[in-house]
Visitor: 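Dropping the structure in here first, questions after.
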Amino acid sequence: MEEDIDTRKINNSFLRDHSYATEADIISTVEFNHTGELLATGDKGGRVVIFQREQESKNQLHRRGEYNVYSTFQSHEPEFDYLKSLEIEEKINKIRWLPQQNAAYFLLSTNDKTVKLWKVSERDKRPEGYNLKDEDGRLRDPATITTLRVPVLRPMDLMVEATPRRVFANAHTYHINSISVNSDYETYMSADDLRINLWNFEITNQSFNIVDIKPANMEELTEVITAAEFHPLHCNTFVYSSSKGTIRLCDMRASALCDRHTKFFEEPEDPSNRSFFSEIISSISDVKFSHSGRYIMTRDYLTVKVWDLNMENRPIETYQVHDYLRSKLCSLYENDCIFDKFECVWNGSDSVIMTGSYNNFFRMFDRNTKRDVTLEASRENSKPRAILKPRKVCVGGKRRKDEISVDSLDFSKKILHTAWHPSENIIAVAATNNLYIFQDKVN
Amino acid sequence: MEVLFKLTSQMETDDREGNRMWEEDSSPKHLLDTMFARGIKRKCFDGEEDIEGTLAGFKSVPSYNLQRQSLLDMSLVKLQLCHMLVEPNLCRSVLIANTVRQIQEEMTQDGTWQVINAQNTGQASLDRLVSSDILCRSTKEQGEGKLVPSYSSFSKDFEDIQSQDIISDLSTVASVQAPRNPQSNVWEMENPQENRGNFQKSLDQIFETLENKNPNSVEDLFSDVDNSYYDLDTVLTGMMSNTKMGHCDVLESFSSQTTTNSNSNCKSDINELDHIVEILVES
């Protein structure tokens, strides 16, 4: 597992260098596209910023391609629901890329209520020499036209434009927490707290409801959907996780409404660890299929678990992210940190998994060697191009030099969103309003 | 309730230890956490010396019951603070509500489920406590006057009978299976079955009442635009930062602060809702 990681930070060309965090700049989602050439981030202010990797030049072999801002656009605006007297946040909850099929790039972005399909395309040529209008666009007096000419395309400065191609609205009563593009590339699903809908990309005024766990009597509500994802290879299979720590795998061929699961994954509770917070910390905040489709990874408050799809009664691997917090659950409940939703990601070969923690720490677990490392995403503690130093949290009284005690952790600095390049060892880590990109050290 | 550390969002730095952002209570640290993590139950005490020991011990180590009660109160407050401009997180609300149910079930099983004597009203005060704290609309009918007295009497009585509570707990533990006799204090013991029904009813009231008003979803619980709850948030945050405050002081100041704010705003919000409904009906 690579412990030598070269750091590269994206905050010189784009992000403001203020000492306080503007709320609207808080990054709420990070996602690489299928080739890793593009990296999209969504923020609390409803904006999407796309970074593109520079082409590697043969002259500078030691400099790997850097990511620079490619396009910025406002995806969602704040809305007001007049009937309920409630605001609908413009915060981007998730971004998912579609595989590239032509020169343009397509991505789905969603807030709590509405999913949008955006087309991001380049324009580097411009037609010149119109007959009826001049270069400024003003109409020419036809009487002054004596000859006709054919307009020609001339190169211009690269312009990247984003246009909303589809808006999928009014299908969710509750807050959308996940979107997932199907492997057929024709459909996708959107999941809220109680329902999952299946969409066709071409049809915006209809969607199929495939999961509905809303009880007839809302008093009986004890469980909600927390995340959902399509199988990477089988277009009929998807999973969704719940606030009770369970995962259900469903097959859409079985019935139109997939309320009855095909497989049910749940680990029996450890009675020695039982407390009033057991259920809360078992709530799954993220579920991700491995690239192979053979495994799923789930993140709950204190652990990351890897499950084999063929074994439902317990995970095959469990990794402790920050077990030192187990004795602090009451305080974390009090300040609401216990409800933080951390995401988790696989690397391209499914051999390493990564997830975030507090104090701007993030953790990586090598599934083969069983080694793990804690790293920090912070400007103060790492210079550009410096190798990241592993961090350690100490629990007991004796604190070694360079270790941080549990009580000194900053719980306002949480890394909820991370992404891993699909084939290379490049990771993107969102720390509040800053985006960090780390790459493998070259030679 | 023990306050262990405060969360600051500003970039304060403490020179003592790196980027330390927490202020800690110097008195017993993280007791709530320790107690809960280990799931320590009440100990069974036999003799008087043990009671004394407990009382002395109480000063440094809160009893399990007190811990549990604190957690229950905290949870109820959290549910109430969901009245915001933006629809609150349903997952969070469901998890908190489940925690409340869990505590209630355990307290019912233990037989320690205690209800305030409703001061001649005959209505279970805990019902009122739960429902009035959470259901802004239901208290409108009951009259705001009831909100403050019941809550502050709850906290005041709790303060008064802290030590008595311990004693009653001890005798409770001693005869775990049999139904208990009412103690000579403000707390009135009720049949556990009844308690279960009462509390369940209260919790269901949260959802039910709002089902009737807005037959849509649990989220309608939070559909009132009520700016006073921003104040509550500030109030509570402000209270949390005062590390010296005890459990009851927190509750008392909470109730006194909200008296003027929440009541009037609740009323106006309900009128606003009616107004909107009127408009819709007419159109």
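Just so it is clear: chains get the letters A, B, ... in the order the sequence lines come, proteins before strands, and each one is counted from 1.
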Visitor: Side chain, backbone, both or neither: which part of A:Ile225 has an atom under 4.5 Å from a heavy atom of chain B?
Guide: neither

Visitor: Any non-hydrogen side-chain atom of A:Glu343 less than 4.5 Å from a side-chain atom of A:Arg299?
Guide: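 When only atoms from C-beta onward are counted, A:Arg299 and A:Glu343 do not touch, as no gap falls below 4.5 Å.
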
Visitor: In terms of side-chain geometry, is the basic nitrogen of A:Lys328 or A:Asp407 positioned less than 4.0 Å from the acidic oxygen of its partner?
Guide: yes

Visitor: Is it the case that more than 12 heavy atoms not belonging to A:Asn209 sit under 6.0 Å from its CG atom?
Guide: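 Counting other residues, nucleotides and ligands, CG of A:Asn209 exceeds 12 neighbours.
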
Visitor: Could you tell me whether the side chains of A:Thr226 and A:Ser241 share a donor-acceptor contact shorter than 3.5 Å?
Guide: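 A:Ser241 and A:Thr226 do have a side-chain donor-acceptor pair below 3.5 Å.
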
Visitor: Could you check which of A:Ile404, A:Asp193, A:Asp336 has the highest count of heavy-atom pairs closer than 4.5 Å to chain B?
Guide: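 Going by pairs under 4.5 Å, I would pick A:Asp336.
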
Visitor: In terms of heavy-atom pairs under 4.5 Å with chain B, which of A:Val224, A:Thr222, A:Ile280 leads?
Guide: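 Between A:Val224, A:Thr222, A:Ile280, the count favours A:Thr222.
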
